[in-house]
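Structure first, commentary second.
Every chain is numbered from 1, with letters handed out A, B, ... down the list of sequences.
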Number of protein chains: 2
Amino acid sequence: MHEKIATIEDVARHAGVSIATVSRALHKPNVVSQSTREKVQSAIAATGYTANVMARNLRLNRSGMILLLVPDIGNPFFSAILSGIEQGASKAGYNVLIGDTQNDPDREATYAAYLRSNQADAMILLNGRLPAPLANSPAKASPPVVIACERIPGCGLPTVIIDNEQAAFDATTHLIDHGHTRIANVAGPGNNILTVDRTAGYRRALTENGIGIDPALTFVGDYSIDSGIAAGRALLADPKTRPTGLFCASDGMAIGVIVAAKELGLRVPQDVSVFGFDDIHLAAAYDPPLTTVRQPRRRLGERAIALLLDRLDPTTPNKPAQPGPVIVPTELIIRQSTGPCPKS
Amino acid sequence: MHEKIATIEDVARHAGVSIATVSRALHKPNVVSQSTREKVQSAIAATGYTANVMARNLRLNRSGMILLLVPDIGNPFFSAILSGIEQGASKAGYNVLIGDTQNDPDREATYAAYLRSNQADAMILLNGRLPAPLANSPAKASPPVVIACERIPGCGLPTVIIDNEQAAFDATTHLIDHGHTRIANVAGPGNNILTVDRTAGYRRALTENGIGIDPALTFVGDYSIDSGIAAGRALLADPKTRPTGLFCASDGMAIGVIVAAKELGLRVPQDVSVFGFDDIHLAAAYDPPLTTVRQPRRRLGERAIALLLDRLDPTTPNKPAQPGPVIVPTELIIRQSTGPCPKS
DNA sequence: CCTTCCTCTGTAAACGTTTTCATTTTTTAT
DNA sequence: ATAAAAAATGAAAACGTTTACAGAGGAAGG
């Protein structure tokens, strides 16, 4: 008894009207008479009709789907961003299709093709790289695309990011203000735009305060805890060259550095100050509670989806693209992993 | 110059064949002659044709979409599970549509309706509750549904979970084996099935070892760090009644308990032992490194999607449903937050 | 009473595929 | 060479909608 699903035709028959009328009763209620509208309503109730979205979308040439390209969905960093995006999209009647690219250009290209084949109406890029199919086509390409998190220099697409350079500058300046002068930079991978920007902010802070830049004080990690541990061991082992403050490009690395510091018998913040980045959920509960840069991740997602919906809105078809990127503000969260520079 | 997108008809015209042949050349290459196949190939290349998935799906009456119901996508706990699911789905040519229900039954119902309206071919439930539309319909309902993480008692649907009862039993037993007899249970919300099972395991361990169950040693939290802190303060404040071991139903609460313990000047594990649950990413880097139950979250997702794909596979249409739930094994990770019971 | 203009409804054409069925062409067997 | 079988192709229907167009019926205005 696998009951066949009701189509619009069943409803029409049941109500004794044409399918056109049923469709109109649903989408332009004001153009159909009161009495038939009621007949249709009850016919729908009686048949348990649900519109076949696929057919509808085919006819309307849309998908109601927003494609979200993420480098790694397994990375908890993205969850709050996703949440912000999903909520905004859902409110506007869109669904979110998550494309986990695993940093594979092939997968990026595959997903980006969804735009052309009408499987998605728009796309949000969190992965800091333009998929191949888009790289060539004109920037103002029809299906709206928004960049979030990792800006893509020179791509001309609407973008929402935090000001990584300024945040790093502020963090480093905070250390300088507390008397530190030997300040290390525990950075992410060199080709990553976040690292580029954060390192630039770190350098500017040093330079503006008349502190020379010592290349030996930069450690290139990969944002992971383990690379933070490696950084800590490398930078803190030798008391002669040991920095008193470390600016880390992620909380994960900051935690790693602290683990290494404890290994070496150093106290945080009495002996070394460690500055993180992100304000992950556990930052406040760590020992010591982490001083860090709070990234408003949910807000980031919300702004990204808002920007996108704005471009999707048929009532404002070609509003001029925002000139610069949208910057969502960060916040320095001063906890106990940083303190004044110890007297040497 | 917004060039129209190429349809199968354009390809057919370009290749001088019928659209039927083009379709066949794509999907049943062996039934079309070598020469025409080549003509079609180059016509596709020339026109830049990409099949309109919507039209295809309408015709085939499928969506290629797997709906994933999550209570809160913003919760990092799910990210690894998502990753496992997405990877398996993607490999099988399915897309994953994430439905963030925010624990709202209305939203659950809305998403579940996607199954009926052909917007999704199948569904995975991570939210521990059957959406209303499904609750009434026969369990063997046509569109495949799989439950993961939180079992739904008596629903008869294929399920993949960890053995929460056994894991809690093992963890508690570990504490008992180290001489602890006053062991607290820092639980989750009472109506949560995970809590029910874990508390049952905790109790069984005590009972089987002849230790009475003291209701004052159970604290009901909500898996959060803050509720862990509250638990720690409540349970550890009074030296008279203080437990020497605490089994916590999440790493978050375990960390909270440790924070509270440090506040009170207690050392972990010398004064109190704290056992967590989940093995979150930061567990190993915490101070002290957390003893915990490792939940193989990615594996959980992988098994769930495998189970689902199995039921979706047209070649094995109605393989009998697995009698019991699939249990993915957990692992006790003994680190330094637990130790022998202190001499009193 | 006849026109004109609404308001409401139905017919039929799209949307881009896949697939059944019939037809044509090629191969094989006699 | 011819008949039969096999292989390759095309015409057209179907999937479930939305919507342009036109027709039917009344009301309003003359």
Counting the atoms with a prime plus P, OP1 and OP2 as sugar-phosphate, which does [X] contact under 4.0 Å by heavy atoms, base, sugar-phosphate, or nothing?
X	result
B:V17	sugar-phosphate
A:L60	sugar-phosphate
A:V32	sugar-phosphate

May I ask you to check whether over 12 heavy atoms, not counting those of B:R129, lie within 6.0 Å of atom CZ? yes

B:R107, CZ: over 12 other non-hydrogen atoms inside 6.0 angstrom: yes

Closest-nucleotide 5' rank along DNA chain D - winner of B:T21 and A:N52: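 This one resolves to B:T21.
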
Rounding to a whole Å, what distance do you find between [X]:[atom1] and [N]:[atom2]?
X	N	atom1	atom2	result
A:I19	C:dG10	CD1	C1'	10 Å
A:R37	C:dC8	CZ	P	9 Å
B:L26	C:dT19	CG	P	12 Å
B:N118	D:dG16	CG	P	9 Å
B:D10	C:dG16	CG	C1'	11 Å
A:I8	C:dG10	CD1	C1'	13 Å

Evaluate the side chain to side chain contact (heavy atoms under 4.5 Å, CB included) criterion for residues A:I66 and A:N95: first the C-alpha distance (whole Å), next the side-chain angles of each, then the deciding distance (0.1 Å), finally the verdict. CA-CA 6 Å; A:I66 289 173; A:N95 289 314; over 6 Å; no

As a test of reading the structure: which of [options] is closest to the side chain of [X], going by heavy atoms?
X	options	answer
A:A55	D:dG16, C:dT17, C:dT11	D:dG16
A:S23	D:dT19, C:dG16, D:dT9	D:dT19
B:L58	D:dG10, D:dG16, C:dG10	D:dG16
A:Y49	D:dT17, C:dG10, C:dT17	D:dT17
B:A20	D:dG16, D:dA12, C:dT17	D:dA12

Would you tell me if any nitrogen or oxygen in the side chain of B:T36 comes within less than 4.0 Å of OP1 or OP2 on D:dT9? yes

Judged by each residue's nearest nucleotide on DNA chain C, which is more toward the 5′ side, A:R24 or A:N61?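 Per heavy-atom nearest nucleotide, the more 5' residue is A:R24.
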
For A:Y94, does the six-membered ring have the charged nitrogen or CZ of A:R62 within the cation-pi criterion, i.e. under 6.0 angstrom from the centroid and within 45° of the normal?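 Pair A:R62/A:Y94 counts as cation-pi.
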
When you measure from the side chain of B:S42 to the backbone of B:K39, do you find a donor-acceptor pair of N or O atoms at a distance under 3.5 Å? yes

